[in-house]
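Single-structure report; data block below.
Residues: numbered from 1 along the sequence shown.
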Amino acid sequence: SLFAAQVVKDALCDRLKKEVGFRPSVDIQSPDIQINLFIHDNKAVISLDTSGQPLHKRGYRTETGAAPLQETLAAALLKIANYDGTSIVLDPCAGSGTLLIEAALMASKTPPGFFRKSWGFEHHPDFNQHAWDSFKKSVDGKRQKLAQGMFWAIEREPEIADFCRINCDNAGFKNAIHVSCGDFTTHEPQADYNFLITNPPHGKRLASEEALVPLYRALGDFMKKKMHKPARGFIFTSSMMLAKQ
């Protein structure tokens, strides 16, 4: 794959040297224009990258724990759970707050790329600044304030709870997402939580499956005893054994 990339790079540089008389200097880590090469069987597709930084990097998350959930995956999970922005949301294993922040972005109708500083397409030759500014203004104008008491986070580790607060603040939700440091098993509800979604450890990157059985049983007890009724709960895990707990 490296050889294929270098062939394309050399072709581009040779063409540019022929057209303008010199080879360009390129920042390998952050190029003005990124060109992607995809090869499948005997077909190659060369394309201009419109994103720049990967789309999952929304721009608000500056602090993470050991096994962070990608922002785009968190948004997808909320979509799968049919989250509509009206529920009182609780994440009892909040980590750095990604699920709650993505839920708050949806509820406030904030575009997912709102906090990004730059996009790949802004460096393309046919980029129209006026058209982009007009479109961005029309979409950003749909943002709305969040009601108080709709988003709740519980995180056991003090350092990670601080990370969660920092990320919530970065996203503009410092007062909208309530973050408490503690164990959800001893937590007394502070609102009528009716939508639980969480990404607890599931024995792949953190801890072992057997060691996590008490945690999953505690999540089940929490949903049965402390969630407002009726309520919905969604736990993201790759372990069927733990899911059954």
Exercise. Please report the C-alpha distance between Asp14 and Arg23 in whole Å, then the side-chain angles of each, then the deciding distance to 0.1 Å, and finally whether the side chain to side chain contact (heavy atoms under 4.5 Å, CB included) criterion is met.
Key: CA-CA 7 Å; Asp14 290 347; Arg23 290 164 65 98; 3.5 Å; yes
Side-chain atoms of residues 149-160: list all donor-acceptor pairs with protein atoms under 3.5 Å, sequence neighbours left out, distances to 0.1 Å.
| from | atom 1 | to | atom 2 | distance (Å) |
| --- | --- | --- | --- | --- |
| Trp152 | NE1 | Gly149 | O | 2.9 |
| Glu155 | OE1 | Gly95 | N | 2.8 |
| Glu155 | OE2 | Glu157 | N | 3.0 |

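- To the nearest 0.5 Å, the span separating NE2 on His56 from OG on Ser51 amounts to 11.0 Å.
- Side-chain contact between Lys226 and Glu188: present, with at least one pair of heavy atoms (C-beta onward) separated by less than 4.5 Å.
- A donor-acceptor pair under 3.5 Å is formed between the side chain of Lys229 and the backbone N or O of Lys224.
- Residues His228 and Ile88 form no side-chain contact, since every pair of their non-hydrogen atoms from C-beta on lies 4.5 Å or further apart.
- By the criterion of side-chain heavy atoms lying less than 4.5 angstrom apart, applied directly or through intervening Ile, Leu, Val, Met, Phe, Trp or Tyr residues, Ile80 is not grouped with Val89; the two fall into different hydrophobic clusters.
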Quiz item: When you look at Val213 and Met241, which way does the side chain to side chain contact (heavy atoms under 4.5 Å, CB included) test go after all the steps?
Solution: CA-CA 9 Å; Val213 168; Met241 186 277 284; 4.0 Å; yes
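- Listed by first and then second residue, the side chain to side chain donor-acceptor pair (under 3.5 Å) pairs that reach into residues 172-182 come to none, sequence neighbours excluded.
- Think of Leu16 as one node in a network of Ile, Leu, Val, Met, Phe, Trp and Tyr side chains linked at under 4.5 Å; it has no links at all.
- Partners of Asp192 by salt bridge (charged side-chain N to carboxylate O under 4.0 Å, His left out), not counting sequence neighbours: none found.
- Judged by distance alone, the side chain of Gln144 and the main-chain N or O of Ala107 form a donor-acceptor pair under 3.5 Å.
- Residues Met106 and Leu78 have side chains in contact (heavy-atom distance under 4.5 Å, counting atoms from C-beta outward).
- Applying the 6.0 Å contact sphere to CG of Asn42 captures no more than 12 heavy atoms from other residues, nucleotides or ligands.
- By the salt bridge (charged side-chain N to carboxylate O under 4.0 Å, His left out) test, Lys136 pairs with Asp140, sequence neighbours left out.
- For the side chain to side chain donor-acceptor pair (under 3.5 Å) test, no residue two or more places apart in sequence or in another chain qualifies with Asp221.
- In this structure, Lys79 places its NZ atom where only 12 or fewer heavy-atom neighbours from other residues, nucleotides or ligands lie under 6.0 Å away.
- Grouping Ile, Leu, Val, Met, Phe, Trp and Tyr residues whose side-chain heavy atoms lie under 4.5 Å apart, directly or via other members, leaves Val26 alone, with no other cluster members.
- A salt bridge does not link Lys57 to Glu71: none of the charged nitrogens lies less than 4.0 Å from a carboxylate oxygen.
- The CG atom of Leu69 lies 5.0 Å from the CG atom of Asn199; values are rounded to the nearest 0.5 Å.
- Contacts of Glu210 classified as salt bridge (charged side-chain N to carboxylate O under 4.0 Å, His left out), with partners at least two apart in sequence or in another chain: none.
- Proximity of a side-chain donor or acceptor of Ser108 to a complementary backbone N or O of Ala104 within less than 3.5 Å is detected.
- Residues Ile101 and Cys168 have side chains in contact (heavy-atom distance under 4.5 Å, counting atoms from C-beta outward).
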Quiz item: Where do Lys17 and Cys13 land on the side chain to side chain contact (heavy atoms under 4.5 Å, CB included) test, with the steps shown first?
Solution: CA-CA 6 Å; Lys17 185 175 182 180; Cys13 289; over 6 Å; no
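- Put simply, CG on Asn167 and CZ on Phe173 are 12.0 Å apart, with the number rounded to the nearest 0.5 Å.
- Annotation: side chain of Leu90 is in contact with side chain of Met227 (closest heavy-atom distance under 4.5 Å).
- Counting non-hydrogen atoms of neighbouring residues, nucleotides and ligands closer than 6.0 angstrom, the NZ atom of Lys244 reaches no more than 12 such neighbours.
- Hydrophobic side-chain contacts under 4.5 Å tie Phe121 into a cluster, directly or through other members, with Leu55, Trp119, Phe127, Trp132, Phe135, Val139.
- Between the OG atom in Ser1 and the CZ atom in Phe38 there is a gap of 12.5 Å [rounded to 0.5 Å].
- Hydrophobic cluster membership for Ile46: Val8, Leu12, Ile33, Ile35, Leu37, Ile39, Leu48 (Ile, Leu, Val, Met, Phe, Trp, Tyr linked by side-chain heavy atoms under 4.5 Å, directly or transitively).
- Atom CG of Leu219 sits about 11.5 Å away from atom CD of Gln245, to the nearest 0.5 Å.
- In this structure, CZ on Arg61 lies 13.5 Å from CD1 on Ile166, to the nearest 0.5 angstrom.
- For the pair Pro200/Ile235, a side-chain contact is recorded, criterion being any heavy-atom separation below 4.5 Å from C-beta on.
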Practice problem: Applying side chain to side chain contact (heavy atoms under 4.5 Å, CB included), run through Phe163 and Val179 and close with a yes or a no. | Solution: CA-CA 10 Å; Phe163 290 170; Val179 182; over 6 Å; no
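- Qualifying salt bridge (charged side-chain N to carboxylate O under 4.0 Å, His left out) partners for Arg143, counting only residues two or more places apart in sequence or in other chains: none.
- Judged as a side chain to side chain donor-acceptor pair (under 3.5 Å), and not counting sequence neighbours, the contacts of Asp91 are Thr198.
- Looking at Gln6 and Asp10, their side chains never bring a donor and an acceptor atom within 3.5 Å of each other.
- Of the possible donor and acceptor atoms, one in the side chain of Thr186 sits under 3.5 Å from a partner among the backbone N and O of Asp183.
- When all heavy atoms of Ala81 and Phe195 are compared, the closest pair comes out as CB-CZ, 3.8 Å.
- Separation of the Tyr83 and Phe234 ring centroids does not fall under the 6.0 Å cut-off.
- Asp41 contributes no side-chain N or O that, together with a main-chain N or O of Lys43, makes up a donor-acceptor pair within less than 3.5 Å.
- Here the side chains of Pro112 and Arg58 are in contact, with some heavy-atom distance below 4.5 Å.
- Although no hydrogens or angles enter the test, the distance criterion places a donor-acceptor pair under 3.5 Å between the side chain of Asn170 and the main chain of Tyr60.
- Between Leu196 and Phe222, the closest side-chain pair of non-hydrogen atoms falls below 4.5 Å.
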Quiz item: Run the side-chain hydrogen bond (donor to acceptor under 3.5 Å, both in side chains) check on Ser239 and Thr237 step by step: do they pass?
Solution: CA-CA 6 Å; Ser239 169; Thr237 179; 5.0 Å; no
